[in-house]
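The structure that follows is given in the form of structure tokens.
Convention: sequence-line order gives letters A, B, ...; per-chain numbering from 1.
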2 protein chains.
Amino acid sequence: MKKVLLRDVAEKAGVSIAMVSYVLNGQKTDRINKDTAQRIRKVVEELNYRPNFLAQSLKLKKTFSLGFVAADIANTFSSQLARIISDEADQAGYALIIGSSDESKPRFERLINQLLNRQVDGLILAAPEGSDELIKALQDRKTPLVLIDRYFPDLLVSSVSVNNYQASFDAMSEFITQGRKKIGILVYDTTLQHLKERMLGAQDGITQSHSASYVTHVIHENHIEQEVFAAITSMLQTGVDAIYFTSNKLGIAGMRYLMNHQIAVPTQVSTLFFDETEVFDFYPSPLPFIRQPLADMGKKAVELLFQQMNDSALPPESIILETSFVHSHSSFTQ
Amino acid sequence: MKKVLLRDVAEKAGVSIAMVSYVLNGQKTDRINKDTAQRIRKVVEELNYRPNFLAQSLKLKKTFSLGFVAADIANTFSSQLARIISDEADQAGYALIIGSSDESKPRFERLINQLLNRQVDGLILAAPEGSDELIKALQDRKTPLVLIDRYFPDLLVSSVSVNNYQASFDAMSEFITQGRKKIGILVYDTTLQHLKERMLGAQDGITQSHSASYVTHVIHENHIEQEVFAAITSMLQTGVDAIYFTSNKLGIAGMRYLMNHQIAVPTQVSTLFFDETEVFDFYPSPLPFIRQPLADMGKKAVELLFQQMNDSALPPESIILETSFVHSHSSFTQ
DNA sequence: ACCTTTTGTTTAAACGTTTAAACATATCAG
DNA sequence: CTGATATGTTTAAACGTTTAAACAAAAGGT
């Protein structure tokens with residue numbers, strides 16, 4: 001079965017290719033004869049004509065597709081974000097091409113190049129460590145672009161993120177009012193600003209309470225499980241009575257430990273997580289956590305990106321969304 | 001900063017556009033002067049020329065992109081599959097456009113149309129209920145296409161799936177050797193063959209053991225939580241001592257119930273799941289499940305698809321992969 | 001010396017659209 | 001009845017590549 005072209009429609013309707021194009025795109029409606037238009041539309045229907053996206057894109061210099069490079073698509077955070085962005089893009093008639101850098105800078109760069117080769121109209125990026133210059137270069141090339149989740153303090157780029165510092169700062173009061181005295185903070189060994197801020201916020205929050213101390217353990221990405229286990233072991237030995245997990249994955253590893261070692265939560269140690277996971281549901285006691293407004297983040301990012309695409313002269317805008325503190329995860333979230 | 005075109009390279013290198021194209025595509029290598037080729041390559045480098053994918057695709061009638069329509073990308077099963085397929089495609093130089101039908105046939109159809117408009121070179125589909133004719137139509141149009149996970153018994157299309165019937169059948173012996181007498185089976189109200197086979201396999205397995213009976217509860221997709229809760233309540237009242245959850249989501253809902261109601265697993269009721277979830281880790285006792293070979297499924301699907309794309313005359317092939325029975329989920333899977 | 005190959009390069013059409021500009025005919029004002 | 005204007009449609013160039021075919025010059029064979 002041969003592909004139906006504009007030419008085929010034109011031929012069958014007895015008009016020029018241009019006419020068909022005009023009718024299909026709703027242009028020159030005031031000029032075109034109603035009957036002709038009707039006839040063309042009928043033929044289009046009959047032949048079930050579908051425009052060739054490639055040809056259109058080539059001509060219009062617009063592919064109606066966006067690229068999203070996630071940090072690690074295996075992580076629920078990324079995949080939920082991807083889903084939201086995809087839906088959002090979809091509604092605007094855009095397709096989303098998704099990549100995952102797996103936190104590797106070279107891979108990130110490769111993905112971006114691929115996306116640009118494919119002429120995506122804009123990018124939403126969860127940038128890995130050390131990718132600042134790369135982002136800068138993209139910006140210099142006037143590539144419409146929005147950072148999500150991650151941001152670089154000395155880079156003036158549009159971004160959507162959450163109040164990492166403040167949320168962490170505020171959350172510590174939870175431990176304080178519980179009367180916790182020694183708080184363990186688990187962080188990654190990273191230069192990523194948003195993670196550093198989670199740590200700093202927590203530390204400052206504790207310090208300023210004047211009623212508790214903290215100990216920070218730095219975990220390396222490639223040995224999460226082992227290092228988290230070691231960190232918690234050490235913490236418990238040194239009388240830590242509350243633990244703040246600054247990320248998703250750290251939290252999961254931590255809970256696995258506490259579960260396996262039958263540590264009573266929150267009696268023996270109190271816990272707090274940045275980010276939510278389905279697994280929390282399955283812990284016998286409620287596990288409080290800081291929730292990021294995923295849907296808003298995704299929507300805002302797409303919105304910002306579209307703005308950039310429509311007006312490249314627009315100055316970069318940084319949106320910082322509020323997180324919320326959730327005391328107990330309802331069993332009835334679907 | 002202007003886009004660098006083939007023309008720009010040609011100009012700077014003092015040759016025709018064709019020469020640059022030939023050199024870049026490694027064609028006519030025997031004819032082209034080594035020095036000229038070298039010079040061209042140098043200019044390409046200097047100008048950092050990137051071919052325009054659209055123009056290439058239009059000319060070559062190949063977009064080097066595949067479409068994957070997942071059943072529900074929010075489900076780990078789908079997203080893991082997506083990740084594998086994406087990686088596999090990537091390695092072959094193909095991009096993956098992902099959609100999620102959310103088990104809705106109209107949405108499925110819309111997504112497929114979008115993907116075809118975008119001229120993807122092939123499709124991998126987790127088809128929702130009742131989409132047989134649609135698949136058939138695609139096949140008639142000679143669209144390279146592979147079904148994954150789901151299949152339609154009377155449709156001769158390439159597909160990759162697992163031994164749903166046999167796996168369920170065999171798994172029941174687990175309950176039998178435990179001496180379980182009344183087994184509850186939780187299934188969806190669906191016409192999807194793979195799910196029906198999971199149910200039938202289990203039923204036949206139990207029947208043929210001559211030592212236990214079963215009761216089947218049908219759950220409707222849109223009220224999973226409530227209906228699963230009701231079903232389990234009813235089962236427990238009628239002396240069911242083992243439950244087989246035929247899917248991921250049913251299992252999660254079920255475990256949530258058992259957890260909340262402090263039902264002892266496996267002492268009071270034994271459980272068995274089709275599919276694995278991270279949440280299983282967080283249950284105090286090990287939860288046995290049937291594992292699908294996700295990676296193999298994804299790889300095979302891509303492989304099959306590429307075969308189809310290379311030779312459209314190839315007859316459809318159905319690959320059925322083996323599942324494995326996992327007794328206890330290791331706490332150290334990353 | 002002349003024809004044939006070989007080597008190296010260019011020309012030009014094609015892929016399937018969009019759209020400015022040109023064209024043709026009908027309608028209208030004076 | 002004529003020039004202007006409104007109405008309806010077509011022509012042709014462009015988007016950025018690929019590639020068959022044509023061309024030109026050098027090398028080889030007799």
Side-chain angles (χ1 to χ4, degrees), chain A residues 1-41 43-44 47-65 93 114 116-121, chain B residues 1-41 43-44 47-65 93 114 116-121:
Chain A
M1 195 154 94
K2 211 65 210 64
K3 271 255 151 209
V4 179
L5 305 184
L6 219 41
R7 178 165 11 100
D8 304 321
V9 177
E11 225 158 79
K12 182 152 181 195
V15 293
S16 72
I17 289 181
M19 281 298 277
V20 184
S21 178
Y22 284 135
V23 170
L24 253 55
N25 296 311
Q27 291 190 341
K28 306 229 177 168
T29 36
D30 44 342
R31 290 292 213 93
I32 292 172
N33 183 301
K34 284 274 180 195
D35 292 347
T36 320
Q38 209 46 53
R39 179 159 39 96
I40 291 175
R41 259 188 281 272
V43 175
V44 164
L47 297 184
N48 188 33
Y49 167 79
R50 302 276 145 212
N52 181 321
F53 224 87
L54 294 172
Q56 276 185 156
S57 299
L58 180 59
K59 182 74 231 215
L60 298 177
K61 295 180 166 250
K62 220 169 170 308
T63 56
F64 296 98
S65 50
Q114 281 186 13
L116 292 181
N117 282 355
R118 281 172 185 281
Q119 321 288 128
V120 293
D121 297 333
Chain B
M1 193 153 97
K2 212 63 210 70
K3 272 255 153 207
V4 180
L5 304 184
L6 221 40
R7 179 164 12 100
D8 304 320
V9 177
E11 226 158 78
K12 182 152 181 195
V15 293
S16 72
I17 288 181
M19 281 299 276
V20 184
S21 177
Y22 284 135
V23 169
L24 255 55
N25 296 311
Q27 290 188 342
K28 306 228 176 166
T29 36
D30 43 343
R31 292 291 214 92
I32 293 172
N33 184 301
K34 283 273 178 194
D35 293 348
T36 320
Q38 209 46 53
R39 180 159 38 97
I40 291 176
R41 260 188 282 270
V43 175
V44 164
L47 298 184
N48 188 32
Y49 167 79
R50 302 278 145 210
N52 181 319
F53 224 87
L54 294 171
Q56 275 185 158
S57 300
L58 179 60
K59 182 75 229 211
L60 299 177
K61 296 181 165 245
K62 219 168 171 311
T63 55
F64 297 97
S65 51
Q114 281 186 13
L116 292 182
N117 283 356
R118 281 171 185 280
Q119 319 290 129
V120 293
D121 297 333

* Asked: Tell me, which pairs form a salt bridge (Lys or Arg N to Asp or Glu O under 4.0 Å) where one or both residues lie in residues 4-14 of chain A, sequence neighbours left out?
  -> Lys12(A)-Glu46(A)

* To do: Using side chain to side chain donor-acceptor pair (under 3.5 Å) as the criterion, list what pairs up with Asn33(B), not counting sequence neighbours.
  => none

* Stretch residues 6-15 of chain A: residues that reach within less than 4.0 Å of DNA chain C through a heavy atom -> Leu6(A)

* Output all residues satisfying ring pair (Phe, Tyr, Trp, His ring centres under 6.0 Å) with Tyr49(A), sequence neighbours left out; order by chain, then residue number. => none

* To do: Please tell me if the side chains of Thr36(B) and Arg39(B) come closer than 4.5 Å, counting only heavy atoms from C-beta onward.
  => yes

* To do: To the nearest Å, give me how far apart NZ (Lys34(A)) and P (dG8(D)) are.
  => 10 Å

* Asked: Can you list every salt bridge (Lys or Arg N to Asp or Glu O under 4.0 Å) pair that touches residues 52-61 of chain B, not counting sequence neighbours?
  -> none

* **Value in whole Å for how far the P atom of dT5(D) lies from CG of Asp30(A)** => 18 Å

* Within the distance-only criterion (no hydrogens, no angle test), does the side chain of Asn25(A) pair as donor or acceptor with the backbone N or O of Gln27(A) below 3.5 angstrom? -> no

* To do: Would you sort out whether Gln56(A) and Phe64(A) count as a side-chain contact (heavy atoms from CB on, under 4.5 Å), showing the intermediate values?
  => CA-CA 10 Å; Gln56(A) 276 185 156; Phe64(A) 296 98; 5.8 Å; no

* Asked: Starting at the 5' end of DNA chain D, which residue's closest nucleotide do you reach first, Val4(B) or Ala18(A)?
  -> Ala18(A)

* Just grab all the salt bridge (Lys or Arg N to Asp or Glu O under 4.0 Å) pairs involving residues 16-37 of chain B, residues at least two apart or on different chains. => none

* Structure fact -> For Asp121(A), the side chain to side chain donor-acceptor pair (under 3.5 Å) test, sequence neighbours excluded, returns Thr63(A)

* Asked: Heavy-atom contacts under 4.0 Å between residues 57-64 of chain B and DNA chain D, which residues?
  -> Lys59(B), Leu60(B)

* Within the structure shown, what part of the strands sits under 4.0 Å from Leu54(B) by heavy-atom distance: base, sugar-phosphate, or nothing? -> nothing

* Using a 4.0 Å heavy-atom cut-off across all strands, classify Phe53(A) as base, sugar-phosphate, or nothing. => nothing

* Structure fact -> Sequence neighbours excluded, the answer for side chain to side chain donor-acceptor pair (under 3.5 Å) partners of Arg50(B) is Asn48(B)

Protein-nucleotides 22-24 of chain D N/O pairs under 3.5 Å:
none

* **Terminal axis angle for the helix from dA1(C)-dT30(D) to dG30(C)-dC1(D), five pairs an end, nearest 10 degrees** => 60°

* Considering only heavy atoms of chain B and a distance under 4.0 Å, specify the first and last nucleotide of DNA chain C in 5' to 3' order that meet this criterion. => dT7(C) to dG16(C)

